Amino acid sequence: MIRFEEVVKKYGDAVILDQISFEIKEGEFAVLIGPSGCGKTTTLKTINRLIEPEAGRIYVEGKDIMDANPVQLRRKIGYVIQEIGLFPNMTVAQNIAVVPKRLKYSKEEIEQITRDLLDMVNMSYEEYAHKYPSELSGGQQQRIGVLRALAASPPIVLMDEPFGALDPMTRNVLQDEIIRLHKKLKKTIVFVTHDMDEALKLADTIIFMDQGKIVQMAGPDEMLENPASDLIKQFMGKRLSENGVNSLTAADFMKSHPASAYRSDGVKKSTQIMARRQIDTLLIKNEDETYAGSVTIGNIRKFGKQAQTIGEIPVTPNAVSYTKDDAADSFEKLLDSDSDFVVVLHDNDTIAGIVTKTSMARAMADALWGDES
Amino acid sequence: MTFFDLYGQKIITAIGVHFLYVLISVSIGFVVALVLGILLSRVPRMARFVLPLISIFQTIPGVVFIGVLFLYLGMKPVTVITALAIYAMFPILKNTYVGLMEVDASLIEAARGCGMSPLERLFEVELPLAVPSIIGGLRMSTVYTVSWAVLASMIGLGGLGEFIYIGIATNNNALIVAGAVPAAVMAVVLSLLIDLFKRRSVRKAGV
């Protein structure tokens with residue numbers, strides 16, 4: 001659908017795009033991301049010839065865009081910018097009609113399109129069509145910005161940080177809407193952002209750029225799992241510790257503050273703790289807070305009558321992990337042992353928490369579906 | 001015989017002539033300035049030289065300019081109108097240029113991105129958005145022209161200036177007032193009318 005072949009763009013001596021080549025398939029949601037000045041916006045703007053490269057070829061639907069009239073080309077490519085760019089001298093309806101009007105759609109057709117589009121973002125035609133942009137909220141304005149880009153049903157839509165200036169709540173809502181629109185309309189979307197969360201949420205393919213080059217082009221899962229450079233890792237920083245199970249530690253998934261008792265605690269007190277917390281096993285600590293083992297309700301029943309303190313009852317050893325161990329390791333230990341939990345210890349052998357099958361299920365859900373669950 | 005019996009008819013004629021001078025010269029100046037302003041805004045690099053030049057030219061006193069034109073064109077209304085039109089041009093030219101240059105760059109980019117040709121962009125986005133500034137310039141030059149048109153009488157071509165000059169020459173205060181007051185009223189009324197027009201056009205544009 002969109003193919004770059006060794007595209008070069010320079011401003012004076014500064015190389016903005018350094019022989020980049022890639023292909024975006026039809027219907028794909030491609031997100032260009034990278035640090036400021038990496039060339040992502042320049043890349044986007046070469047597609048509709050707002051910027052023209054010095055060398056290389058760009059093909060849109062198989063045709064070299066340098067052979068096309070730029071004005072005609074742009075009418076077939078939707079364009080949404082961060083500053084929204086609604087014409088303040090035109091109403092919502094007139095803004096949406098900008099491209100269809102140029103393509104000589106009939107009046108009735110344009111009105112129908114406007115109605116349908118407004119309907120798609122749950123804005124009523126009667127209420128909004130004849131308002132001026134200044135009468136709308138920022139979120140509503142950018143919705144119209146997106147609709148204007150879609151009005152002539154172009155096969156390709158370019159979006160240059162469209163939600164960058166919106167507040168986080170509105171941004172989230174608009175992201176969801178664009179996902180919905182993309183699923184419904186099956187456009188090829190090229191989307192620029194510097195927000196990795198946004199990229200991971202929206203993209204089929206993420207194109208990570210740095211210093212005018214493509215560092216990695218991969219799906220969100222692949223990029224999370226195998227980031228190609230430290231810079232990408234850094235960009236995903238927060239996301240990695242939330243998502244990639246591989247890099248997560250036992251501490252990320254354990255339940256902290258599990259029920260525990262000192263060896264010297266009375267049997268009665270200990271059973272009361274267990275009754276209150278509705279558990280059948282109690283962690284036992286030595287007097288110096290280090291982990292000693294656990295007693296089950298079975299053992300308490302068996303030996304409790306003779307014993308004064310819980311320490312006199314035989315302890316069951318449990319599988320043990322340390323807080324910095326891989327979460328995956330502790331999950332394996334859990335599956336290998338007969339016990340319902342793995343005890344997680346701090347480096348000094350004091351109790352940090354326990355990992356149960358519930359924690360494991362949560363980790364798997366996160367890895368599979370991101371942090372929405 | 002009262003003052004009005006004596007001069008009433010003459011004053012009304014003078015007001016008419018004066019108004020015609022203003023109307024014709026501002027109209028011509030407006031069209032020329034608009035076109036020049038648009039052309040300048042297409043090549044902002046040139047504007048950097050042209051606008052200061054115009055500012056300097058503007059400081060030449062109208063009397064001198066009309067005097068010079070009189071030498072070449074003679075004692076005809078065209079002399080007065082040419083001079084006034086040129087002076088009327090400046091504020092409009094400047095405001096047209098500034099108004100066009102102040103259109104938000106993101107709107108220009110949006111217009112390009114939407115596949116508007118340069119002309120469509122100019123007429124559908126840039127000019128409508130520059131309208132308030134352009135009309136501001138028009139108002140300024142109209143008010144100026146009303147007062148500059150007084151100079152027409154300097155070369156004996158009538159208008160309200162005639163009363164003022166004769167009044168000064170003959171030490172007749174009534175005559176001075178008879179020329180000055182209608183000119184002042186004309187300036188105020190025209191300015192208000194243009195303001196009204198501006199407010200309406202701005203509201204329509206929703207800017």
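What you see is a predicted model; the values in this text were computed from it and never measured. Below, each value reflects all heavy atoms present in this structure, side chains not excepted, and no hydrogens, waters or symmetry copies. Within every chain, numbering begins at 1; the chains are lettered A, B, ... in the order of the sequence lines, protein sequences first and strands thereafter.
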Item to check | Over 12 non-hydrogen atoms of neighbours within 6.0 angstrom of CD in A/Glu135 | outcome: yes
Checklist outcome for this item: Separation between CD1 (A/Ile81) and SG (B/Cys114), nearest 0.5 Å, reads 8.5 Å
Checklist outcome for this item: Nearest heavy-atom contact between A/Arg75 and B/Gly115 is NE-O, 2.7 Å
Item to check | Contacting moiety of A/Leu103, where chain B heavy atoms sit under 4.5 Å | outcome: neither
Checklist entry - Taking atom NZ of A/Lys101 and atom CE of B/Met116, what is their separation to the nearest 0.5 Å? => result 7.0 Å
Next on the checklist: Can you confirm whether A/Met66 is buried at CE, in the sense that more than 12 heavy atoms of other residues, nucleotides or ligands lie under 6.0 Å from that atom?
Outcome noted: yes
Checklist outcome for this item: Minimal heavy-atom distance between B/Ala110 and A/Gly85, with the atoms involved, is CB-O, 3.4 Å
Checklist entry - More than 12 foreign heavy atoms under 6.0 Å from OH of B/Tyr144: is that the case here? => result no
Next on the checklist: Only heavy atoms, only distances under 4.5 angstrom. Which residues in residues 94-109 of chain B are near chain A?
Outcome noted: B/Ser106, B/Leu107, B/Glu109
Checklist entry - So which part of A/Leu158 gets closer than 4.5 Å to some heavy atom of chain B, the side chain, the backbone, both or neither? => result neither
Checklist entry - Sequence neighbours excluded, which residues qualify as side chain to side chain donor-acceptor pair (under 3.5 Å) partners of B/Thr13? => result none
Checklist entry - Which atoms form the tightest heavy-atom contact between A/Pro88 and B/Leu129, and what is the distance? => result CG-CD2, 3.5 Å
Item to check | Heavy-atom contact with chain B under 4.5 Å, split by part of A/Lys76 | outcome: neither
Item to check | Side chain to side chain, A/Met90 and B/Val125, heavy atoms closer than 4.5 Å | outcome: yes
Next on the checklist: Just checking A/Arg57: does its CZ atom have more than 12 heavy atoms from other residues, nucleotides or ligands closer to it than 6.0 angstrom?
Outcome noted: no
Checklist entry - Taking A/Arg74 for the side chain and B/Gly113 for the main chain, is one N or O donor matched with an acceptor at less than 3.5 Å? => result no
